[in-house]
Amino acid sequence: MDYISIIRQPISSELNDFNELFDRSLSHSEGLLHQALDHIRQRAGKRMRPMLIFLMAKCNGTITDVTQHAAVGLELLHTASLVHDDVVDESEERRGQASVNQVYGNKVAVLVGDYILSTALLHISYTHDEVIVRYLAELGRTLSNGEIMQLQNIHLKDFSEEAYYQVIKQKTAALFEACAAMGALSGGAKEEEIEYAKEFGRNLGIIFQIRDDIFDYYDQSKIGKPTGNDMAEGKLTLPALYVLNNTDDEEIKQIAYKVKEGTVSKEEIARLVAFTKANGGIDYAEKKMWDLHAASMALLDREIEDGEVKDSLKAYLDFVIEREK
């Protein structure tokens with residue numbers, strides 16, 4: 001099924017306007033900054049975050065210039081965070097394209113990220129809405145805190161699911177929650193409507209991250225990164241955490257400790273990946289996703305009257321949980 005077409009159907013015109021505004025905001029007339037920004041613009045994704053903002057605005061009222069600037073501001077903040085994350089993680093690729101730090105070096109990448117962040121603040125100021133400005137500012141703080149928590153968790157001696165969820169709620173879930181809240185607010189939603197939008201966005205973000213984490217247990221051909229890449233970076237995600245807490249294999253636990261210590265070999269990662277798949281780790285993580293999917297579908301049926309927008313939001317949920325990359 002072509003979920004993306006269904007998602008875009010009620011907001012196609014507004015999404016075209018967004019793309020023009022976003023591209024203008026991520027432009028510079030000359031020099032190295034022009035080159036770096038042009039490099040980033042070439043890797044445009046599906047615009048999942050702006051689409052969520054527009055859908056939430058439309059189901060609660062109208063998409064306005066406030067909505068557009070909120071969407072550009074949030075997407076720029078996200079873009080800046082990815083540029084900085086690639087420096088922190090020493091990543092060489094982003095969406096199949098060489099990362100900014102790989103092409104231009106860490107110094108330029110950090111400065112370009114700062115420039116994009118400042119542009120995000122500029123656009124969010126154009127909303128002239130103090131609450132939307134606060135949402136974006138809080139999101140920036142939350143995302144940074146989530147990255148720091150993730151680094152801390154690498155050094156924990158236990159295999160805590162609670163710590164895992166704390167991180168993803170501070171990262172991906174917070175991002176989608178902010179999208180939903182800012183969209184609803186820009187459309188004129190009431191306080192209780194903003195709260196259900198937040199809940200929907202938060203669930204969506206958790207599903208998105210668990211699906212991303214499951215990808216790490218399979219071959220790279222579809223997803224663009226090596227199997228076990230998270231483990232190579234010291235991260236143990238939900239499928240592995242489940243089997244580590246529900247099986248009693250001391251050798252596997254020792255491999256998991258080596259993941260955290262950064263001393264694990266490729267062969268050991270392959271063994272931990274295979275053990276996780278064989279002992280129900282993927283099934284467990286997928287059940288968690290589908291439970292959230294069911295809860296979110298029920299939320300949409302209960303709270304949203306507009307049939308076309310509801311269909312788009314349901315397609316959005318289906319796409320996030322069923323996507324292959």
Side-chain angles (χ1 to χ4, degrees), residues 81-82 84-99 101-102 106 145-173 205-290 321 323-325:
S81 73
L82 296 181
H84 286 157
D85 286 352
D86 286 343
V87 175
V88 172
D89 297 337
E90 300 179 350
S91 300
E92 296 181 355
E93 283 191 8
R94 169 70 60 179
R95 289 180 183 160
Q97 179 195 53
S99 61
N101 51 297
Q102 174 68 12
N106 286 341
N145 186 50
E147 289 292 340
I148 293 169
M149 287 176 62
Q150 185 166 270
L151 291 173
Q152 286 179 313
N153 284 355
I154 290 174
H155 303 292
L156 293 177
K157 295 301 181 185
D158 62 356
F159 307 115
S160 170
E161 277 192 37
E162 181 182 353
Y164 167 82
Y165 280 114
Q166 284 178 349
V167 168
I168 64 174
K169 284 177 181 177
Q170 296 276 305
K171 293 179 63 181
T172 317
I206 295 171
I207 294 169
F208 193 100
Q209 188 59 58
I210 294 175
R211 173 57 69 200
D212 252 14
D213 292 341
I214 290 172
F215 287 150
D216 199 52
Y217 294 82
Y218 293 93
D219 182 69
Q220 65 174 326
S221 59
K222 287 187 177 181
I223 61 174
K225 66 177 183 177
T227 305
N229 190 63
D230 288 339
M231 293 180 188
E233 294 178 356
K235 303 170 190 172
L236 293 169
T237 53
L238 189 60
L241 293 172
Y242 170 77
V243 299
L244 288 165
N245 287 316
N246 289 276
T247 59
D248 192 23
D249 189 310
E250 193 56 38
E251 288 186 16
I252 288 295
K253 288 185 177 179
Q254 290 307 312
I255 292 175
Y257 286 127
K258 292 175 78 173
V259 168
K260 285 177 168 285
E261 293 164 359
T263 59
V264 70
S265 68
K266 290 182 179 180
E267 292 75 20
E268 289 168 327
I269 288 175
R271 186 176 171 192
L272 180 52
V273 166
F275 185 87
T276 297
K277 292 162 76 172
N279 286 274
I282 304 299
D283 293 339
Y284 175 79
E286 288 186 338
K287 183 179 185 305
K288 291 293 183 182
M289 284 195 305
W290 283 106
I321 202 168
R323 64 198 170 98
E324 296 184 345
K325 62 179 179 178

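Since the structure is predicted, the reported quantities are computational estimates derived from the model, not experimental observations.
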Practice task
Show the numbers, then the answer: is there a side-chain contact (heavy atoms from CB on, under 4.5 Å) between V264 and L272?
Solution key: CA-CA 10 Å; V264 70; L272 180 52; over 6 Å; no

Exercise for the section: Please step through side-chain contact (heavy atoms from CB on, under 4.5 Å) for the pair D216 and D213, ending with a clear verdict. Expected result: CA-CA 5 Å; D216 199 52; D213 292 341; 5.8 Å; no

Practice task
Apply side-chain contact (heavy atoms from CB on, under 4.5 Å) to the pair E261 and H155, showing each step before the final yes or no.
Solution key: CA-CA 7 Å; E261 293 164 359; H155 303 292; over 6 Å; no

Rounded to the nearest 0.5 Å, how far apart are [atom1] of [X] and [atom2] of [Y]?
X    : Y    : atom1 : atom2 : answer
Q150 : D89  : CD    : CG    : 7.5 Å
I282 : L238 : CD1   : CG    : 9.0 Å
D249 : I255 : CG    : CD1   : 8.0 Å
T276 : Y217 : OG1   : OH    : 5.0 Å
L156 : M149 : CG    : CE    : 9.5 Å
E161 : L241 : CD    : CG    : 6.5 Å

For the side chain of [X] and the backbone of [Y], is there at least one donor-acceptor N/O pair under 3.5 Å apart?
X    : Y    : value
D230 : T237 : no
T172 : I168 : no
S99  : D86  : no

Handout entry: side chain to side chain donor-acceptor pair (under 3.5 Å) between Q209 and K171, worked out
Key = CA-CA 9 Å; Q209 188 59 58; K171 293 179 63 181; 5.8 Å; no

Taking all non-hydrogen atoms of both residues into account, name the closest pair between [X] and [Y] and its distance.
X    : Y    : answer
N101 : E90  : ND2-C, 4.4 Å
A285 : I214 : CB-CD1, 3.9 Å
M231 : A240 : CE-CB, 4.2 Å
K169 : I206 : CE-CD1, 4.1 Å

Taking the side chain as C-beta and beyond, is there a heavy-atom pair between [X] and [Y] under 4.5 Å?
X    : Y    : result
E147 : H84  : no
F275 : T247 : yes
T263 : Y257 : no
D212 : R323 : yes
I210 : K288 : yes
R271 : I252 : yes

Exercise for the section: Would you kindly check if the NZ (Lys) or CZ (Arg) of K260 is within the cone defined by 45 degrees around the ring axis of F159 and under 6.0 Å from the six-membered ring centre? Expected result: no

Practice task
Measure the acute angle between the ring planes of Y284 and Y242, then classify it against the limits of 30° and 60° as parallel, tilted or perpendicular.
Solution key: parallel

Practice task
Assess whether side-chain contact (heavy atoms from CB on, under 4.5 Å) is satisfied between K235 and Y164, documenting all intermediate values.
Solution key: CA-CA 10 Å; K235 303 170 190 172; Y164 167 82; over 6 Å; no

Handout entry: CD (Q97) with more than 12 external heavy atoms under 6.0 Å
Key = yes

Exercise for the section: Give a yes or no on whether K253 atom NZ has more than 12 heavy-atom contacts from other residues, nucleotides or ligands under 6.0 Å away. Expected result: yes

Exercise for the section: Start with the C-alpha distance between E250 and Q254, add both sets of side-chain angles, then the distance that settles side chain to side chain donor-acceptor pair (under 3.5 Å), and finish with yes or no. Expected result: CA-CA 6 Å; E250 193 56 38; Q254 290 307 312; 3.0 Å; yes

